[in-house]
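Everything below concerns the one structure shown next.
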There are 2 protein chains.
Amino acid sequence: MRASRAAAGGLRLELVSVLTVNRLSVYLRSLRALEARGVRSVSSHQLAEEFNLSASQIRKDLAQFGEFGVRGVGYGVAELAAKISHLLGLDLSRRVVIVGMGNLGTALARYPSFNAESFLVVAGVDSDPGKTGRKVGRVPVHSRRDLARVIAESGATMAILAVPADAAPAAHAELAAAGIRAVLNFAPVSLPSTRTCRVKNLDLRVHLEELAFFLEDGDGS
Amino acid sequence: MRASRAAAGGLRLELVSVLTVNRLSVYLRSLRALEARGVRSVSSHQLAEEFNLSASQIRKDLAQFGEFGVRGVGYGVAELAAKISHLLGLDLSRRVVIVGMGNLGTALARYPSFNAESFLVVAGVDSDPGKTGRKVGRVPVHSRRDLARVIAESGATMAILAVPADAAPAAHAELAAAGIRAVLNFAPVSLPSTRTCRVKNLDLRVHLEELAFFLEDGDGS
DNA sequence: TCATGTGAAGCAGTTCACAGCG
DNA sequence: CGCTGTGAACTGCTTCACATGA
C-alpha cells in the first residue's frame with residue numbers, strides 16, 4: 001500500500017514552501033545521526049542546539065503535516081524520521097537518468113547518496129560516442145540519441161542534467177516530452193518548471209560566486 | 001588598483017541578501033550570453049522575458065549598487081556585465097583547495113567553471129594514500145595531513161569540502177584555523193559560518209529530495 | 001512541570017505603480 | 001515617449017510568547 005502523503009491533513013503538497021521541504025531533509029539527516037547514536041527521544045530545542053537550527057522553526061515546519069510530538073517530552077527519533085522520510089517520498093524508489101556523462105555526470109553516477117534505496121541511477125547518456133557503450137560504476141552509458149528509448153525502457157521519472165549550457169534547453173524539452181517529471185539541472189541556464197515537469201536549477205558556479213561576493217578583496221589577486 | 005566594491009555607495013556587503021547575490025550571478029550569465037550574440041543594450045523587461053526573470057526585481061537588485069541604466073533606454077550589456085563581475089569580486093583571482101578527492105572532489109577539480117580566471121583550484125588533499133602524489137587534471141593531490149602546509153604554500157583563501165559527513169567538522173575547523181575565508185561544503189552536515197570563515201552548505205541530496213517531495217507517488221515504486 | 005503546537009508580531013523579500021529623467 | 005529607479009503595498013517567512021495538554 002502506498003498511502004498518499006497529502007491525505008492525512010488534506011494538505012496540498014504544491015503549496016508547501018521549498019524552504020520548508022529543504023529543512024525537512026536536514027531534519028531527517030539530523031535524526032538519522034541521533035538514531036545511529038541510540039538516542040530515542042529529542043526535543044525541538046535539543047535538535048536546534050546540536051545541528052544549528054531554530055527550535056520554533058522545527059515545530060512550525062512539522063506542524064504543517066500533523067502532530068508528531070508529545071507535549072512535555074519531545075519527538076520520538078525513529079518515528080519522526082520515518083514520518084519525514086514518508087513525507088519526502090523516500091520510502092519509494094525513483095529511477096533516475098543522467099544526461100551528460102562529463103566530469104560532473106560521471107561523479108554523480110558514482111555518488112553514493114544518489115544510489116541508495118530512494119534514488120537509483122539506472123542509465124546515463126552522452127553525445128560523445130567515445131563514452132557510450134561503457135559502464136560508469138553500475139551505470140550503463142547510452143547514446144544521447146537514444147534518450148527517449150532509454151527513459152521508456154528504464155521507467156525513469158527523474159533526470160539529472162549535466163550538459164553544457166547550450167545543450168541544456170533541447171535536452172530539457174526532450175526529457176519533458178519523454179515523460180520525465182523532475183529534473184535536477186546543473187547546467188548554467190535557468191530552465192523553467194512546467195506543470196508536468198518540475199526543474200530545480202543548481203548552478204554550482206553561482207554558489208562559488210556567492211562566497212566570492214562576501215570575501216574581502218585582499219583575499220584574491 | 002583594486003577599488004573596494006563597497007566604497008561606491010557606502011554599502012555594507014554583509015547586509016546584501018544572499019538571494020540578491022545569487023541573482024546577480026544569473027544576471028551576469030545572461031548578459032554574457034547576450035554579449036556573445038552581439039547585443040549592445042537591453043532593458044530589464046527584455047532580460048526578464050528571455051531568461052525567466054522578473055523585470056522589477058532586476059531593477060531593485062541593481063539599484064542597491066548604483067544607477068547603471070539609462071532611463072528610456074535600458075542597460076549597456078558590456079558595462080553592466082563588467083559592473084556585476086566587479087561586484088561579485090570576479091575580477092580578482094581566488095585560489096581554491098579541495099578537501100576530499102572522491103567522486104565529487106575529482107569532478108570539481110576538472111570542472112571548467114571552477115578553473116576560469118576568477119577561481120583557480122591549486123591543490124587537493126585526500127586521506128587515502130593511494131590518491132596522493134598524483135595529479136587530477138592540473139591539480140596536484142597531497143596528503144590530508146599536509147592540509148595546513150598546502151594552504152599556506154599555495155595562498156588559497158577558499159576551499160571546497162567534499163568529504164564524508166563524519167570527516168567534515170574536523171576538516172572545517174582545520175580550514176578555518178589555516179586561514180581559509182570561505183568554504184563550499186558538499187558534505188551532508190550543516191556547518192556554521194563564523195565571522196572569519198563563511199560557509200555555504202550545499203548538500204546535493206537535499207535537492208534531489210526536494211524534487212521527490214513534489215513528485216506524485218505514482219512516479220516511484 | 002515541560003515541551004509542543006499556534007496565533008500574533010515582526011522582518012524580509014517581491015511586486016506594484018508611478019514619479020523622474022534621458 | 002519609454003524605461004529606470006523607488007516608495008508603498010503586499011506577500012511570505014521567521015520569531016516570539018503563551019495557551020494547551022501529556
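A, B, ... follow the sequence lines: proteins, then strands. Residue 1 opens every chain. Everything numeric here is computed off the predicted structure, so don't read it as measured data. As a basis for the values below, the full set of heavy atoms in this structure was taken, side chains included, without hydrogen atoms, waters or symmetry mates.
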If a protein heavy atom is under 4.0 Å from the base, mark B; if only from the sugar-phosphate, S; if neither, -; do that for nucleotides 15-22 of chain D going 5' to 3'. BBB--BBB
Of all the nucleotides listed ([options]), which has the minimum atom distance to the side chain of [X]?
| X | options | answer |
| --- | --- | --- |
| A/R23 | C/dG13, D/dT14, C/dT4 | D/dT14 |
| B/Y75 | C/dG13, C/dT6, D/dG5 | D/dG5 |
| B/E67 | D/dG5, D/dT14, C/dT6 | D/dG5 |

Which of these passes side-chain contact (heavy atoms from CB on, under 4.5 Å) with B/K200: B/L184, B/V183, B/N185? B/L184
Can you tell me the distance, in whole Å, between the [atom1] atom of [X] and the [atom2] atom of [N]?
| X | N | atom1 | atom2 | value |
| --- | --- | --- | --- | --- |
| B/L53 | C/dT15 | CG | P | 11 Å |
| B/F68 | D/dT6 | CZ | P | 11 Å |
| B/L19 | D/dT14 | CG | P | 10 Å |
| B/Q64 | D/dG7 | CD | P | 13 Å |
| B/D61 | C/dG13 | CG | C1' | 10 Å |
| B/H45 | D/dG2 | NE2 | C1' | 12 Å |
| A/E79 | C/dT4 | CD | P | 14 Å |
| B/Q46 | D/dC3 | CD | C1' | 10 Å |

Within 45° cone of B/F214 ring axis and under 6.0 Å: A/R198 NZ or CZ: yes
So what does B/S17 touch, heavy atoms closer than 4.0 Å: a base, only the sugar-phosphate, or nothing? sugar-phosphate
Does [X] pair with [Y] as a salt bridge, N-O distance under 4.0 Å?
| X | Y | value |
| --- | --- | --- |
| B/R181 | A/E216 | yes |
| B/D219 | A/R94 | no |
| A/D61 | A/R23 | yes |
| B/E50 | B/R37 | yes |

Any A/S44 side-chain N or O less than 4.0 Å from OP1/OP2 of C/dA3: no
Taking everything shown except B/H207 itself, do over 12 heavy atoms lie less than 6.0 Å from its NE2? yes
